[in-house]
Protein chains: 2
Amino acid sequence: MKAHPDTAKRQLLFQQFALIGHAVSSPARLAMISLLAHGEKTVDQLAGGTNQTLATASAHLKVLRAACLVTSDKRGRQVFCRLAGDNVAQFWLALRTLGEELLPEARDVARQFTDDRRALAPLSPSELAAELRNGRVTLLDLRPREEYATAHLPGARNLPAGEITAGHVAELPRKPCGRVYAYCRGPYCVMGLEGTRKLRALGLPVRRLKFSVPEWVAAGEQVVRKAG
Amino acid sequence: MKAHPDTAKRQLLFQQFALIGHAVSSPARLAMISLLAHGEKTVDQLAGGTNQTLATASAHLKVLRAACLVTSDKRGRQVFCRLAGDNVAQFWLALRTLGEELLPEARDVARQFTDDRRALAPLSPSELAAELRNGRVTLLDLRPREEYATAHLPGARNLPAGEITAGHVAELPRKPCGRVYAYCRGPYCVMGLEGTRKLRALGLPVRRLKFSVPEWVAAGEQVVRKAG
DNA sequence: GAAATACTCAAACCCTTGTTTGACTATTCT
DNA sequence: AGAATAGTCAAACAAGGGTTTGAGTATTTC
């Protein structure tokens, strides 16, 4: 039985789509994508941020580049990687959301990240947007400076989780009677969990948001992006 | 260096998400998903519809079930499989769309399916919905009877591609001065391409739509679903 | 020019996948 | 009861993936 030429084309197409599937079939690569959703990173930073050796990170990047999810360019002696487009970050969010809905085990673990009712603000992006408009909100971005610089929620102040001290907290200009929210890299960001704990230990009644910039963008809200 | 408990949970979560990635990392499994998007199928039908042996199809199904993308139940001696939800079909469409946008090779091949300007109707779902409302449209569903029965576009008539004859075409009640559109299983459906060719060879000035039921649903339009 | 940095590559390793084959089970039909 | 149907499972094999190691390259710094 001879294969129809259209059938061959169709199979080729599915093979191509499977490249993207393959790219998102490894926890390490998913971690890299979720990191890159917050801005470009060098291979080194990417390896460090996902607990991999440089060589393995480089190998995973090869797969991500083969699927055209990630592009990179060499500047000086460093290779800067970034997602190929906003649609990649949105696809990652779609995959994550589907997993949260479909996989029982994922749903269980995910709940543990949003379990601490006192420390978590159950706001959605649009609800926060409404609170921001009425003005009585202090919003903290706990991510590293470069990520904040790349894009952050409107009105957010940058307070990198690693640099939280009593001094910083004391000099925070807080709106009278306003709520204090913090976000980091998303609902499963360990740095954000710890940062929030530390802030609360220092007496700041901050609550962690369960979303970050990528989710905010996916919800159709505006961000403050780096010029140029 | 001891791993933080939250970090461990996070990795577990990413492993779970990677299950879904793995499920969509094989062309064969993608073909199965795209078939299942048109309604439940037995393992046999699924194997036949994707050119696989029964055993390989069964093995692939195991992976799809492990990712909770597909559920199945035994009725009599047959196992009926279906997508775990509408969100699975939408995720498949999101993956396909991302691939069409990102992968140059996929984009090239995809274009070949929408190249024949005379035979293809460049309508979007919302544009077709508008045409349907003004009424002068004949709409043909070329898929098998069961898929039509499961869900079809409002106003569509079922004319399975395999049963197209001059007789059938002659007795088609066509709206005066109306356009004739046909859809099958989507933009890359070979059966739909051939069915359209056959219809045109029989003198029917039909044009193929580049979407089907899943895309129509994803666009937020209503379908006629099987009762029960 | 030499050393250091930030990668990439190739080889080797092990482990996982995909496919085929044949056996096995459950269900239905006769 | 016996045969046929629909599917799963286990074993075996080839193929492909992920990680480590060590070497190699381009660029920058000293």
Side-chain angles (χ1 to χ4, degrees), chain A residues 1 3 11-12 14-33 35-36 39-67 69-82 146, chain B residues 1 3 11-12 14-33 35-36 39-67 69-82 146:
Chain A
M1 194 186 275
Q11 285 184 348
L12 207 148
F14 277 62
Q15 266 173 36
Q16 290 286 308
F17 297 150
L19 282 180
I20 294 181
H22 178 225
V24 296
S25 70
S26 142
R29 287 193 288 266
L30 288 178
M32 295 170 89
I33 291 172
L35 233 192
L36 286 173
E40 66 175 17
K41 296 265 180 293
T42 67
V43 181
D44 234 14
Q45 293 176 315
L46 219 39
T50 55
N51 292 308
Q52 300 179 83
T53 65
L54 193 60
T56 52
S58 180
H60 282 306
L61 272 170
K62 215 171 158 185
V63 176
L64 290 170
R65 277 191 281 249
L69 297 186
V70 168
T71 60
S72 53
D73 60 327
K74 196 167 181 174
R75 296 205 290 273
R77 62 184 148 183
Q78 311 197 353
V79 174
F80 288 84
C81 305
R82 76 196 68 75
E146 318 87 58
Chain B
M1 193 185 277
Q11 285 183 348
L12 208 148
F14 276 63
Q15 267 173 35
Q16 290 286 310
F17 297 150
L19 282 181
I20 294 182
H22 178 225
V24 295
S25 69
S26 141
R29 287 193 288 266
L30 288 178
M32 293 168 90
I33 291 172
L35 232 191
L36 286 174
E40 66 175 17
K41 295 265 181 291
T42 67
V43 182
D44 233 15
Q45 293 175 316
L46 219 40
T50 56
N51 291 309
Q52 300 180 82
T53 66
L54 192 60
T56 53
S58 180
H60 282 306
L61 272 170
K62 217 171 158 184
V63 176
L64 290 171
R65 277 191 281 248
L69 297 186
V70 168
T71 61
S72 52
D73 61 328
K74 196 167 182 175
R75 297 206 289 275
R77 62 184 147 182
Q78 312 199 1
V79 174
F80 288 84
C81 306
R82 76 195 69 74
E146 317 86 59

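Within every chain, numbering begins at 1; the chains are lettered A, B, ... in the order of the sequence lines, protein sequences first and strands thereafter. Quick caveat, the model's predicted, so the values are computed rather than measured.
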Requested in this report: Could you give me the CA-CA distance, side-chain angles and deciding distance for B:Arg82 and B:Thr71, then say whether side-chain contact (heavy atoms from CB on, under 4.5 Å) is met?
Outcome: CA-CA 6 Å; B:Arg82 76 195 69 74; B:Thr71 61; 3.4 Å; yes
Rounding to a whole Å, what distance do you find between [X]:[atom1] and [N]:[atom2]?
X: A:Phe80; N: D:dT27; atom1: CZ; atom2: P; value: 15 Å
X: A:Gln78; N: C:dC7; atom1: CD; atom2: C1'; value: 10 Å
X: A:Asp73; N: D:dA26; atom1: CG; atom2: P; value: 18 Å
X: B:Leu64; N: D:dG7; atom1: CG; atom2: P; value: 15 Å
X: B:Gln52; N: C:dT17; atom1: CD; atom2: P; value: 17 Å
X: B:Leu61; N: D:dC9; atom1: CG; atom2: P; value: 11 Å
X: B:Lys74; N: C:dT25; atom1: NZ; atom2: P; value: 12 Å
X: B:His22; N: C:dT16; atom1: NE2; atom2: P; value: 12 Å

Query - Of A:Thr53 and A:Arg77, the one whose closest DNA chain D nucleotide lies more 5' - result: A:Thr53
If you check every side-chain atom of [X], which of [options] has the closest atom?
X: B:Lys62; options: D:dT8, C:dC7, D:dC9; answer: D:dC9
X: A:Val43; options: D:dG7, C:dC7, D:dG18; answer: C:dC7
X: A:Ser26; options: D:dG18, D:dA26, C:dT21; answer: D:dG18
X: B:Leu54; options: C:dT17, C:dA26, D:dG7; answer: D:dG7
X: A:Thr56; options: C:dC29, D:dG18, D:dT20; answer: D:dT20
X: B:His60; options: D:dA26, C:dG18, D:dG18; answer: C:dG18
X: A:Ala55; options: C:dC7, C:dC9, D:dA6; answer: C:dC9

Requested in this report: Taking B:Arg65 for its side chain and B:Ser72 for its backbone only, find out whether a donor-acceptor pair lies under 3.5 Å.
Outcome: no
Query - Atom pair OG1 (B:Thr50) and CG (B:Leu30), whose distance is rounded to the nearest 0.5 Å - result: 11.5 Å
Query - Gap separating the CZ atom of B:Arg75 from the CD atom of B:Glu40, nearest 0.5 angstrom - result: 4.5 Å
Requested in this report: Using the side-chain contact (heavy atoms from CB on, under 4.5 Å) rule, take A:Asp44 and A:Gln78 through it: C-alpha gap first, then chi angles, then the decisive distance, then the call.
Outcome: CA-CA 8 Å; A:Asp44 234 14; A:Gln78 311 197 353; over 6 Å; no
Query raised in the report: According to a strict under-4.0 Å criterion, is B:Arg65 in side-chain N/O contact with OP1 or OP2 of D:dT8?
Result: yes
Query raised in the report: Does the side chain of A:Ser58 get closer than 4.0 angstrom to OP1 or OP2 of C:dC7 through an N or O atom?
Result: no
Requested in this report: Report which part of the nucleic acid B:Arg75 touches: base, sugar-phosphate, or nothing (heavy-atom distance under 4.0 Å, all strands).
Outcome: nothing
